[in-house]
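Positions are given from 1 along the sequence. Read the numbers this way: they start at 1 and go in the same order the structure lists the ligands and their atoms. Predicted model only: the values in this text are computed from it and were never measured.
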Amino acid sequence: MTEKPLRIVMVRHGESQWNHGKLFCGWYNCPLTKTGENEARQAGKALKEKGIEVDAAFSSLLLRANQTCDLILEELGVKEDVEVKRSWRLNERHYGDLTGQNKVVAVAKYGADQVKLWRRSYDVAPPPISQSNPYYTQIQQNKVFVDVPKEEFPTSESLKMTTDRSWPAIKSGKTVLLAAHGNLLRGLIKNIDNVSEEDIINLNLPTGIPFIYEFDKDMKPTKSLEFISDEKIVKTGLEKVKDQTTKTYVR
Ligand SMILES: O=C(O)[C@@H](COP(=O)(O)O)OP(=O)(O)O
């Protein structure tokens, strides 16, 4: 009997309230918008239509990813059967002192090149979160992070730092759904597909559209970044992420 390939169905959570407001979010714990909830449900429906069965699930400790994961499992009809493993290692990259700032305002303040470097480069971390940041205490004292080892609790993270801490969590998987975050997933994709530091800058991920990776027994990808949605929807989703640093301020 041939063994089933290891398959990871990855999905960036649906639109969150802070995605909608174009605010840097990172470890701030905000919920999905109604649109985000619908995106998550749609993701579950798309997987069901494709006949994809999930038998394990991973998510971060953050509400927006957890809600997405639960809604997908609900649509798949397996919410009561599939255990969701939640780990701080799958949290979004900590956005440091950018947390809570509007992305359009940040471009006006620091310049588009600097903001792009913070958002999309591999090894440049934003400035560490300061105690005067309005969200410092909420993040630092959030009870859901109680098990994060003190010495590993970040104050800001580059994509590289995010990937280094997330990789061990995902490698322990089987056939899994991974409902996580834009940069967390960009980092995993970089590692899996050997994307260069130059090319990772141009990789964006839409909210709420699942994509599949399959691996052989040596963890070499046999299928990469195959979106479960039609091309037009993926394109619109990608444009929306790019627009986060341009256009109107919608808080
Ligand atoms: O932290 C955030 O603001 C977003 C990513 O923002 P960008 O890197 O796209 O600016 O994370 P997510 O919504 O995937 O949890």
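- Listed by atom number, the atoms of ligand 1 under 4.0 Å from Arg119 heavy atoms are 7 (P), 9 (O), 10 (O).
- Geometrically, ligand 1 and Lys103 share a nitrogen or oxygen pair separated by less than 3.5 Å.
- Taken to the nearest 0.5 Å, the CD1 atom of Ile228 stands 15.5 Å off from the NZ atom of Lys48.
- Which parts of ligand 1 touch Asn19 is read off a 4.0 Å heavy-atom cut-off, strictly below it: atoms 13 (O).
- Closest to atom 4 (C) of ligand 1 among all protein heavy atoms lies Glu92 OE2, 3.6 Å.
- Of all the heavy atoms of His13, the ones lying under 4.0 Å from any atom of ligand 1 belong exclusively to the side chain.
- Against a heavy-atom cut-off of under 4.0 Å, Arg120 is close to the following atoms of ligand 1: 7 (P), 8 (O), 9 (O).
- By heavy-atom distance, the residue among Ala180, Gly26, Ser16, Cys25 lying nearest atom 3 (O) of ligand 1 is Cys25.
- A distance of 11.0 Å separates CG of Leu76 from NZ of Lys45, quoted to the nearest 0.5 Å.
- Closest heavy-atom approach to atom 8 (O) of ligand 1 within the set Trp118, Phe24, Tyr95, Tyr28: this belongs to Tyr95.
- Heavy-atom contacts of Leu23 reach the following atoms of ligand 1: 3 (O) (cutoff under 4.0 Å).
- When each of Ile192, Leu225, Ile212 is checked for a side-chain contact (heavy atoms from CB on, under 4.5 Å) with Met10, only Ile192 meets the rule.
- In summary, Arg7 and Glu53 do not engage in a salt bridge, as defined by a charged side-chain N under 4.0 Å from a carboxylate O.
- Using a 4.0 Å cut-off between a side-chain N of Lys or Arg and a carboxylate O of Asp or Glu, Glu74 and Arg41 qualify as a salt bridge.
- In this structure, the protein non-hydrogen atom closest to atom 14 (O) of ligand 1 is Gly182 N, 2.6 Å.
- For His181, a nitrogen or oxygen atom sits less than 3.5 Å from a nitrogen or oxygen atom of ligand 1, counting backbone and side chain alike.
- Note: Tyr213 and Phe211 have perpendicular aromatic rings, judged against thresholds of 30 and 60 degrees for the angle between ring planes.
- Note on ring orientation: taking the six-membered ring where Trp is involved, the planes of Phe145 and Trp27 are tilted (angle from 30° to 60°).
- Between atom CZ of residue Arg186 and atom NE2 of residue His181 there is a gap of 14.5 Å, rounded to the nearest 0.5 Å.
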